[in-house]
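Have a look at the structure below, then the notes.
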Amino acid sequence: MESIKKLADMILESQYAIAFTGAGASTESGIPDFRGPNGLWKQYRAEEIASRWALENNTHDFFEFYRMRLAAMENIKPNRVHYGLAELENMGLLKAVITQNIDGLHKKAGSKRVYEIHGNIREAYCDRCGKKYPAEKLLEEDIPTCDVCGGIVRPNVVLFGEGLPQDQWIGAVREAEAADLVLSIGSSLTVYPAAMIPITVKEAGGKLVIINLEPTGYDSMADLVIHEKAGDVIEALLEEIKNRG
Ligand code: NAD
């Protein structure tokens, strides 16, 4: 495929390539995306459930929803996209992965430099004092509470109505400023400020590649757009790079 050859050229010529991933990177693992045809938001309204408002005012349903999401992710494994990006990092061709996903699959696949800018659902913390807990804490009680201060223990995910974790976000912005190539993989690029990461690379003179099943609002600004399954693209890219020796 011509576009895979071009993608291989771009990554081999780059000095500092990064990947920016969204829910579409994990659909092959069996986790539905939010806005695709089978997306989660077709079943639930985000503002009502995965929000700061729900944590405070619809607390029971909030925890029911997160327990359901945790259960759904229990036996989930990384797929070709996660493993492929980890391999590219090992080969020295990818410097970092910035992900909007909360499933922790990039780290599980072996990627080392990962920024989880929307948090990680396998972790929890006290909303009042910040004490960290494993996600199992969320299964203990209907509304789990902190051993130290009695505050509510909530999942370590960014809710609608909250800011991003500063350490992860600042690190991600630094990576974007350093990058001369960004691969945006499986993201509708509609969630802000996350979507600013690939745009920052492009606006600073770097190249933007969009790999997504459906068109995005940024396709016209991209240097290369591939509307294929991310797993097929990453697999073909690795094969092309290996064939070139
Ligand atoms: P999104 O749901 O808005 O968009 C996902 C995009 O991926 C869609 O445009 C879809 O066409 C595309 N896609 C689906 N399967 C694909 C595949 N196999 N190959 C290529 N593209 C594919 O997701 P988003 O942009 O990440 O934004 C949604 C927010 O939802 C994020 O903030 C993220 O935190 C959260 N989220 C996370 C998970 C997860 O952790 N796995 C799952 C759902 C949503």
Side-chain angles (χ1 to χ4, degrees), residues 1-29 33 35-36 78-101 105-115 117 172-191 194-245:
M1 224 194 329
E2 239 3 84
S3 53
I4 297 295
K5 288 204 168 77
K6 186 167 178 204
L7 178 56
D9 289 343
M10 288 169 87
I11 201 158
L12 289 167
E13 282 161 14
S14 71
Q15 300 297 314
Y16 202 102
I18 62 172
F20 173 79
T21 65
S26 292
T27 48
E28 266 193 36
S29 293
D33 59 13
R35 295 174 186 79
N79 66 51
R80 301 181 286 171
V81 179
H82 306 103
Y83 287 121
L85 294 181
E87 196 173 343
L88 285 171
E89 185 183 10
N90 267 335
M91 294 163 89
L93 293 173
L94 192 70
K95 303 299 182 203
V97 176
I98 297 161
T99 188
Q100 299 171 87
N101 296 340
L105 291 179
H106 285 296
K107 286 183 180 168
K108 234 182 180 176
S111 282
K112 293 179 199 79
R113 217 168 156 85
V114 181
Y115 298 84
I117 58 177
V173 170
R174 286 210 182 107
E175 295 291 349
E177 286 168 353
D180 61 354
L181 172 65
V182 59
L183 315 183
S184 176
I185 304 173
S187 176
S188 60
L189 298 174
T190 53
V191 176
M196 288 313 296
I197 294 294
I199 312 312
T200 298
V201 177
K202 181 67 189 166
E203 285 181 350
K207 289 186 174 151
L208 168 63
V209 176
I210 295 180
I211 301 164
N212 203 59
L213 273 182
E214 296 167 304
T216 77
Y218 291 100
D219 285 9
S220 59
M221 147 193 297
D223 298 274
L224 177 64
V225 178
I226 307 179
H227 291 152
E228 309 272 350
K229 276 190 171 178
D232 290 345
V233 175
I234 298 299
E235 201 170 82
L237 171 66
L238 278 164
E239 206 178 299
E240 175 70 23
I241 290 172
K242 285 172 189 169
N243 283 343
R244 293 186 191 190

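Counted within 6.0 Å of NZ on K229, heavy atoms from surrounding residues, nucleotides or ligands total 12 or fewer; the atom is thus considered open. Environment of NZ in K202: crowded, with over 12 heavy atoms of neighbouring residues, nucleotides or ligands closer than 6.0 Å.
Pairing each heavy atom of A86 with each of A109, the nearest pair is CB-O, 3.5 Å. Of all the heavy atoms in I117 and A172, the pair that sits closest is CG2-CB, 3.8 Å. Closest of all the heavy-atom pairs between A176 and I197 is CB-O, 3.8 Å. Shortest non-hydrogen contact noted between S26 and N79 is CA-ND2, 3.9 Å. Here the shortest heavy-atom pairing between L85 and A19 reads CD1-CB, 4.1 Å. Nearest heavy atom pair, residue S187 against residue Q100, reads OG-NE2, 2.9 Å.
Annotation: the span from M10 atom CE to S3 atom OG amounts to 11.0 Å, rounded to 0.5 Å. The CG atom of N212 sits 6.5 Å away from atom NE2 of H227, with the distance rounded to the nearest 0.5 Å. Interatomic distance, L105 CG to S29 OG, rounded to the nearest 0.5 Å: 5.0 Å. A distance of 10.5 Å separates OG1 of T99 from NZ of K107, quoted to the nearest 0.5 Å. Here the straight-line distance linking atom CD1 of I226 with atom CG of D219 works out to 11.5 Å at 0.5 Å rounding. The distance from atom CZ of F20 to atom CD1 of I211, rounded to the nearest 0.5 Å, is 13.0 Å.
With respect to Y16, the side-chain hydrogen bond (donor to acceptor under 3.5 Å, both in side chains) criterion is satisfied by exactly one of E175, K95, E177: E175. The side chain to side chain contact (heavy atoms under 4.5 Å, CB included) test with V182 is passed by exactly one of I199, T200, D223, L208: L208.
Between V233 and I185, every side-chain heavy-atom pair lies at or beyond the 4.5 Å cut-off. E87 places none of its side-chain heavy atoms less than 4.5 Å from the side chain of L93. Inter-residue side-chain proximity for E89 and V97 is flagged as unmet; no heavy-atom pair is nearer than 4.5 Å. At a threshold of 4.5 Å between non-hydrogen side-chain atoms, the residues T27 and L213 do not count as touching. Put simply, the side chain of L183 reaches to within 4.5 Å of the side chain of L7, judged on heavy atoms. Side-chain contact between L181 and V201: absent, with no pair of heavy atoms (C-beta onward) separated by less than 4.5 Å. Side chains of L238 and M91 form a contact here, defined as non-hydrogen atoms less than 4.5 Å apart.
Side-chain atoms of D180 never come within 3.5 Å of backbone atoms of G206 as a donor-acceptor pair (strictly under, hydrogens ignored).
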List the steps, then state whether salt bridge (charged side-chain N to carboxylate O under 4.0 Å, His left out) holds for E28 with R80.
CA-CA 8 Å; E28 266 193 36; R80 301 181 286 171; 2.7 Å; yes

Should I241 and L88 be marked as a side-chain contact (heavy atoms from CB on, under 4.5 Å) after you check the CA-CA gap, both sets of side-chain angles, and the distance that decides it?
CA-CA 10 Å; I241 290 172; L88 285 171; 3.9 Å; yes

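Between R244 and D9 there is a salt bridge, since a side-chain N of the basic residue sits under 4.0 Å from a carboxylate O of the acidic one.
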